[in-house]
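I have placed the structure first, in the form of structure tokens, so that the comments after it can refer back to it.
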Amino acid sequence: TLTMINVYNTGDVIGVEGGIGGIVGGGYGGYSQPSFSELTIINAYNTGSISGGSDYDCDVGGIVGESSAYESHVYNAYNTGNITGGCVGGIMGLGCWIENSWNSGEISGSSAGGIAGVGIAKKCYNTGKVTGTYSAGGILSSAEEYHQAQTIFCYNLGDVFGSIAGGIAADMSTTTLVLNCYNLGNVNLIEVHINSAAGGIVATPGASTEVRNCFNLGQVDQINGDHGAVVGRLDYEVVISNNYYGGACEASVGGINGAD
């Protein structure tokens with residue numbers, strides 16, 4: 001178990017592979033070094049630029065690069081530095097719970113999220129530009145089989161650019177909960193391919209995903225790929241309830257604008 005309270009970094013951090021973070025680089029619960037079963041960080045900030053390699057396995061975050069300990073938490077943290085790498089996030093690249101935290105730095109990578117590349121975000125917000133060569137989300141970029149994905153009481157004000165792009169969450173390949181969130185940033189597609197999708201809230205929700213009580217006021221790319229003011233493309237059966245949008249957006253086939 002590792003607990004860190006009232007910690008900060010103002011210097012630039014540069015790495016090539018693995019976990020790279022302003023406070024903690026990597027902390028896996030069982031199969032990598034350093035190893036600990038639980039990571040807790042309370043009251044932390046980073047203002048330095050954090051950069052790593054472009055490979056997806058290079059996890060980079062303003063506070064934590066990567067943590068696979070399911071009981072890991074980051075509370076009351078913020079990042080203003082620019083973050084670049086593979087799986088990247090303003091607070092955490094790949095990990096678990098992030099709460100009461102925010103990002104204003106510019107985030108760019110292969111899979112990029114304003115708060116986390118992969119993780120759970122509650123009461124968080126992002127104002128920075130987010131760019132992912134594959135997937136990009138205002139709060140979360142993607143979900144993985146062994147990592148939960150949730151966004152609860154979160155909002156995004158930054159513009160989002162990706163091949164799969166969502167105002168709140170992008171490529172959610174597993175069960176995901178998106179609850180009480182809103183997006184005001186513009187959602188744009190780049191490097192369009194057959195799986196490209198743009199959604200004002202979620203780009204591509206996974207099976208059994210729930211999207212409830214959300215609204216989008218940002219513009220969504222309607223020129224390229226599948227698109228919708230709330231959900232970009234539906235590939236699975238999901239629950240979409242009590243969501244709204246403002247502005248003009250004509251959903252493509254498979255996309256969802258707003259309604260129950």
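Side chains included, hydrogens not; waters and symmetry mates left out as well; all remaining heavy atoms used.
In this structure, Phe153 and Glu99 have side chains that are not in contact, with every pair of non-hydrogen atoms separated by 4.5 Å or more. Two residues are said to be in side-chain contact when any heavy atoms from C-beta on lie closer than 4.5 Å; Ile23 and Val64 fail this criterion. With a 4.5 Å cut-off on side-chain heavy atoms, Ile201 and Cys181 do not count as touching. Using a 4.5 Å heavy-atom cutoff, the side chains of Ile115 and Cys154 are not in contact. In this structure, Val230 and Cys214 have side chains that are not in contact, with every pair of non-hydrogen atoms separated by 4.5 Å or more.
With Ser110 contributing its side chain and Gly86 its backbone, the two residues share a donor-acceptor pair below 3.5 Å. Of the possible donor and acceptor atoms, none in the side chain of Asp59 sits under 3.5 Å from a partner among the backbone N and O of Gly93. Without hydrogens or angle criteria, Ser163 side chain to Ile190 main chain gives a donor-acceptor distance under 3.5 Å. When atom types are taken as modelled, the side chain of Ser196 and the backbone of Ile194 share no donor-acceptor pair closer than 3.5 angstrom. At distances below 3.5 Å, at least one donor-acceptor pair connects side-chain atoms of Asn243 with backbone N or O atoms of Val211. Without hydrogens or angle criteria, Ser141 side chain to Gly113 main chain gives no donor-acceptor distance under 3.5 Å. Panel note: side chain Asp159, backbone Asn186; a donor-acceptor pair is recorded below 3.5 Å.
Cluster annotation: Ile139 and Val60 are assigned to distinct hydrophobic clusters (Ile/Leu/Val/Met/Phe/Trp/Tyr, side-chain heavy-atom contacts under 4.5 Å, transitive). Val238 and Val202 fall within the same hydrophobic cluster, where Ile, Leu, Val, Met, Phe, Trp and Tyr residues are linked whenever their side-chain heavy atoms come under 4.5 Å apart, directly or through other members. Taken together through direct or relayed side-chain contacts under 4.5 Å among Ile, Leu, Val, Met, Phe, Trp and Tyr, Leu184 and Trp102 form part of one hydrophobic cluster. The hydrophobic clustering, which links ILVMFWY residues whose side-chain heavy atoms are closer than 4.5 Å, places Ile107 and Val74 apart. Taken together through direct or relayed side-chain contacts under 4.5 Å among Ile, Leu, Val, Met, Phe, Trp and Tyr, Met172 and Ile168 form part of one hydrophobic cluster.
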Query raised in the report: Taking it one step at a time, do His227 and Asp221 satisfy side-chain contact (heavy atoms from CB on, under 4.5 Å)?
Result: CA-CA 7 Å; His227 55 268; Asp221 190 334; 5.9 Å; no
Query raised in the report: Taking it one step at a time, do Asn9 and Ile50 satisfy side-chain contact (heavy atoms from CB on, under 4.5 Å)?
Result: CA-CA 10 Å; Asn9 173 63; Ile50 315 296; 4.1 Å; yes
Requested in this report: Might you work through the side-chain contact (heavy atoms from CB on, under 4.5 Å) test for Ile240 and Leu234, ending with a clear yes or no?
Outcome: CA-CA 11 Å; Ile240 301 175; Leu234 288 175; 4.0 Å; yes
Report task. Please assess Glu210 against Leu177 for the test side-chain contact (heavy atoms from CB on, under 4.5 Å), listing each intermediate value before the final yes or no. Result -> CA-CA 5 Å; Glu210 296 185 29; Leu177 175 63; 3.8 Å; yes
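Expressed to the nearest 0.5 Å, how far CG of Asn79 lies from CD1 of Ile91 amounts to 5.5 Å. One finds the SG atom of Cys124 at 6.0 Å from the CD1 atom of Ile98 (value rounded to the nearest 0.5 Å). In this structure, NE2 in His193 is found 5.5 Å from OH in Tyr134, a value given to the nearest 0.5 Å. How far OG1 of Thr3 is from NE2 of His73: 11.5 Å, rounded to the nearest 0.5 Å. With rounding to the nearest 0.5 Å, the separation of CD1 in Ile152 from CG in Asn213 is 11.5 Å. The CG atom of Asn100 lies 10.5 Å from the OH atom of Tyr125; values are rounded to the nearest 0.5 Å.
The minimum heavy-atom distance between Ala170 and Gly137, with the atom names listed, is CB-N, 4.1 Å. Nearest heavy-atom pair, Ile41 versus Val7, reported as atom, atom and distance to 0.1 Å: CG2-CG2, 4.2 Å. Between Ala203 and Ile164, the closest heavy-atom pair is CB-CG2, 3.5 Å. Shortest non-hydrogen contact noted between Ser101 and Asn76 is OG-N, 3.7 Å. Between Pro205 and Tyr236, the shortest heavy-atom contact is O-CD1, 3.6 Å. Of all the heavy atoms in Val24 and Met4, the pair that sits closest is CG2-SD, 3.6 Å.
Across Asn126, Asn46, Thr80, Thr127, a single residue satisfies side chain to side chain donor-acceptor pair (under 3.5 Å) together with Asn103, and that is Asn126. Under the ring-ring contact (aromatic ring centres under 6.0 Å, His included) test applied with Phe215, the options Tyr245, Tyr182, Tyr155 reduce to a single match, Tyr182.
Between the side chains of Thr84 and Ser108, no donor-acceptor pair is found at a separation under 3.5 Å. Under 3.5 Å, the side chains of Asn242 and Tyr244 contain a donor-acceptor pair of N or O atoms.
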